[in-house]
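Inspection log for the structure reproduced underneath, given as structure tokens.
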Amino acid sequence: MLVKLQDKTILRSDPERFAGRVVLVAGAGSGIGRAAALAFGRQGAEVALVGRRVPELEAVAREIAETGGTAMVAPADVTDERAVEKTIGTVVEKFGRLDIAFNNAGITAYKPIEDLTTDDVDQVLATNVKGVWLLVKHEVIQMRKQGHGGSIINTSSVAATGGNVNLSIYAASKGALDAMVRAVALEIGRDGIRINNVSPGVIDTPMTSVLPPEAVTAIGAHTALGRIGQPDDIAGAVTWLSSPEASYVTGQSILVDGGYNIGGMR
Ligand code: NAD
């Protein structure tokens, strides 16, 4: 069955697709993470909502319950190794296993290079690189222990492969994830664990709400599809990457950008 969610985005609502699967979504309280958590919930998964903001996570848990799904709130700051380890333990205690992880927590620092501070750099790298790496580390430990494979997806960005003004350290952090995913894929592939990145273009979320409306219009016009993305556009790619339909895909960073990064004449 298909469900029409937005003007242009159609996601499946097949409650059997992820039945019996336990999914962790980090950064689940808003934007892309929230959309992916709702999509997994509609498609039968048991969803663990990881993040720092408990009220937002609880609201997403309620939304999942309203559509007949199952969710738990598993608070953690992903930059803190003990918190990450503990929260994965809590998820396994409650749901019994971990099959899929969407490591999507991230922050940005939109400033010209001469205005970026070392504090900005430390925060962006701590969340976007160390935080994702910590999640991957402890998810791999858990999935290997279980012995039945798994799928891990991180959120990279179009900024990792294209060039964007004012995003130097953010672009560097996402480029690090593109390199990391190739290395880790080789380490865990023989255990049946796949790892990939989804690399969104500009998506309508709280992170991009700081952009002036004329910039959003210009970005939309620059894509091949003539619009910026919606969180559900990314959720569709994430659920596909998590599913057995993507069983031979690993070590990849998949652009989902409406054609934003296509070069050439416009
Ligand atoms: P968002 O700000 O709504 O989502 C980011 C989420 O990460 C928030 O819920 C936030 O609370 C959480 N988070 C941040 N730091 C955390 C930490 N230390 N511990 C736990 N949770 C933490 O914005 P979004 O656009 O949905 O961003 C999701 C991901 O998508 C990010 O990794 C972002 O870099 C990436 N991305 C976004 C766009 C875009 O255009 N919106 C484009 C490319 C990539």
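Order of appearance sets the numbers: ligands from 1, and atoms from 1 within every ligand. Sequence positions, counted from 1, serve as the residue numbers for this chain. What's counted below: heavy atoms across the whole structure, side chains too, no hydrogens, waters or symmetry copies.
- The shortest non-hydrogen separation linking Thr239 to Phe40 is CG2-CE2, 3.8 Å.
- Donor-acceptor pairing under 3.5 Å is lacking for the side chains of Ser199 and Asn197.
- Looking at Val184 and Trp133, their side chains never come closer than 4.5 Å, going by heavy atoms from C-beta outward.
- With hydrogens left out, the protein atom closest to atom 5 (C) of ligand 1 is Gly106 O, 3.6 Å, a heavy atom.
- Polar contact check, Tyr170 against ligand 1: a nitrogen or oxygen pair lies under 3.5 Å apart.
- Annotation: Thr127 places no N or O atom under 3.5 Å from an N or O atom of ligand 1; distance criterion only.
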Next on the checklist: Run the side chain to side chain contact (heavy atoms under 4.5 Å, CB included) test on Asn154 and Ile195 for me, step by step, so that the C-alpha distance in whole Å, both residues' side-chain angles and the decisive distance to 0.1 Å come before the verdict.
Outcome noted: CA-CA 8 Å; Asn154 311 308; Ile195 182 166; 3.8 Å; yes
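- Smallest separation of non-hydrogen atoms from Asn196 and Arg194: ND2-NH1, 3.7 Å.
- Under 4.0 Å from ligand 1, not a single heavy atom of Glu56 appears.
- Checked by distance only, ligand 1 and Thr208 stay at 3.5 Å or farther apart across all their nitrogen or oxygen atoms.
- The shortest N/O to N/O separation between Ser156 and ligand 1 does not fall below 3.5 Å.
- From the protein, the heavy atom lying nearest to atom 19 (N) of ligand 1 is Val78 N, 3.0 Å.
- Contacts between Ala159 and ligand 1, counted as non-hydrogen atom pairs separated by less than 4.0 Å, are absent for every part of the residue.
- Protein heavy atom nearest atom 12 (C) of ligand 1, with residue, atom name and distance: Gly27 CA, 3.8 Å.
- The neighbour count for Arg266 CZ, taken as heavy atoms of other residues, nucleotides or ligands under 6.0 Å away, is above 12.
- Using a 4.0 Å cut-off to heavy atoms of Asp77, the atoms of ligand 1 that qualify are 17 (C), 18 (N), 19 (N).
- Ligand 1 has an N or O atom lying under 3.5 Å from an N or O atom of Lys174, backbone or side chain.
- Side chain of Ser151 to main chain of Leu241: a donor-acceptor pair is present (N/O by atom type, distance under 3.5 Å, no hydrogens or angles).
- Note on ligand 1: Pro206 sits in its first shell, one or more heavy atoms being nearer than 4.0 Å.
- Comparing heavy-atom distances from atom 22 (C) of ligand 1 across Gly33, Gly229, Ala105 singles out Ala105 as nearest.
- Scanning the protein for heavy atoms near atom 11 (O) of ligand 1, the closest one is Arg53 NE, 3.3 Å.
- When all heavy atoms of Leu49 and Leu57 are compared, the pair lying nearest together is CD1-O, 3.4 Å.
- Atoms of ligand 1 found under 4.0 Å from any heavy atom of Val202, numbered from 1 in the order shown, are 40 (O).
- Using a 4.0 angstrom heavy-atom cutoff, Gly201 counts as in contact with ligand 1.
- When Gln142, Glu85, Glu81 are each tested for a side chain to side chain donor-acceptor pair (under 3.5 Å) with Lys137, only one passes: Glu81.
- When hydrogens are left out, the protein atom nearest atom 26 (O) of ligand 1 is Ile32 N, 2.8 Å; that is the closest non-hydrogen contact.
- At least one heavy atom of Ala76 lies less than 4.0 angstrom from ligand 1.
- In terms of N/O distances under 3.5 Å, ligand 1 is not approached by Thr155.
- Considering only non-hydrogen atoms, atom 25 (O) of ligand 1 lies nearest to Thr205 out of Thr205, Val158, Thr108.
- Arg21 and Ser242 are not linked by any side-chain donor-acceptor pair at a separation below 3.5 angstrom, with hydrogens and angles left out of the test.
- When Gly31, Ser30, Pro75, Pro200 are ranked by how near their heavy atoms come to atom 8 (C) of ligand 1, first place goes to Ser30.
- Protein heavy atom at the shortest distance from atom 39 (C) of ligand 1 is Ile203 N, 3.6 Å.
- The single protein non-hydrogen atom nearest to atom 27 (O) of ligand 1 is Met207 CE, 3.9 Å, given as residue, atom name and distance.
- Here the shortest heavy-atom pairing between Val165 and Tyr110 reads O-CE1, 3.8 Å.
- By the 4.0 Å N-to-carboxylate-O rule, Glu245 lies close enough to Arg17 to be salt-bridged with it.
- Annotation for Ile64 and Thr67: closest pair O-OG1, 2.9 Å, computed over non-hydrogen atoms.
- The ligand atoms of ligand 1 that sit less than 4.0 angstrom from a heavy atom of Ile107 are 14 (C), 15 (N).
- Contact between Ser30 and Pro206 at its shortest, heavy atoms only, is CB-CG, 4.1 Å.
- Looking at Thr161 and Asp178, their side chains never bring a donor and an acceptor atom within 3.5 Å of each other.
- At the shortest separation from atom 14 (C) of ligand 1 among protein heavy atoms lies Arg52 NH2, 3.3 Å.
- Judged by the shortest distance from any of its heavy atoms, Asn104 lies inside the 4.0 Å radius around the atoms of ligand 1.
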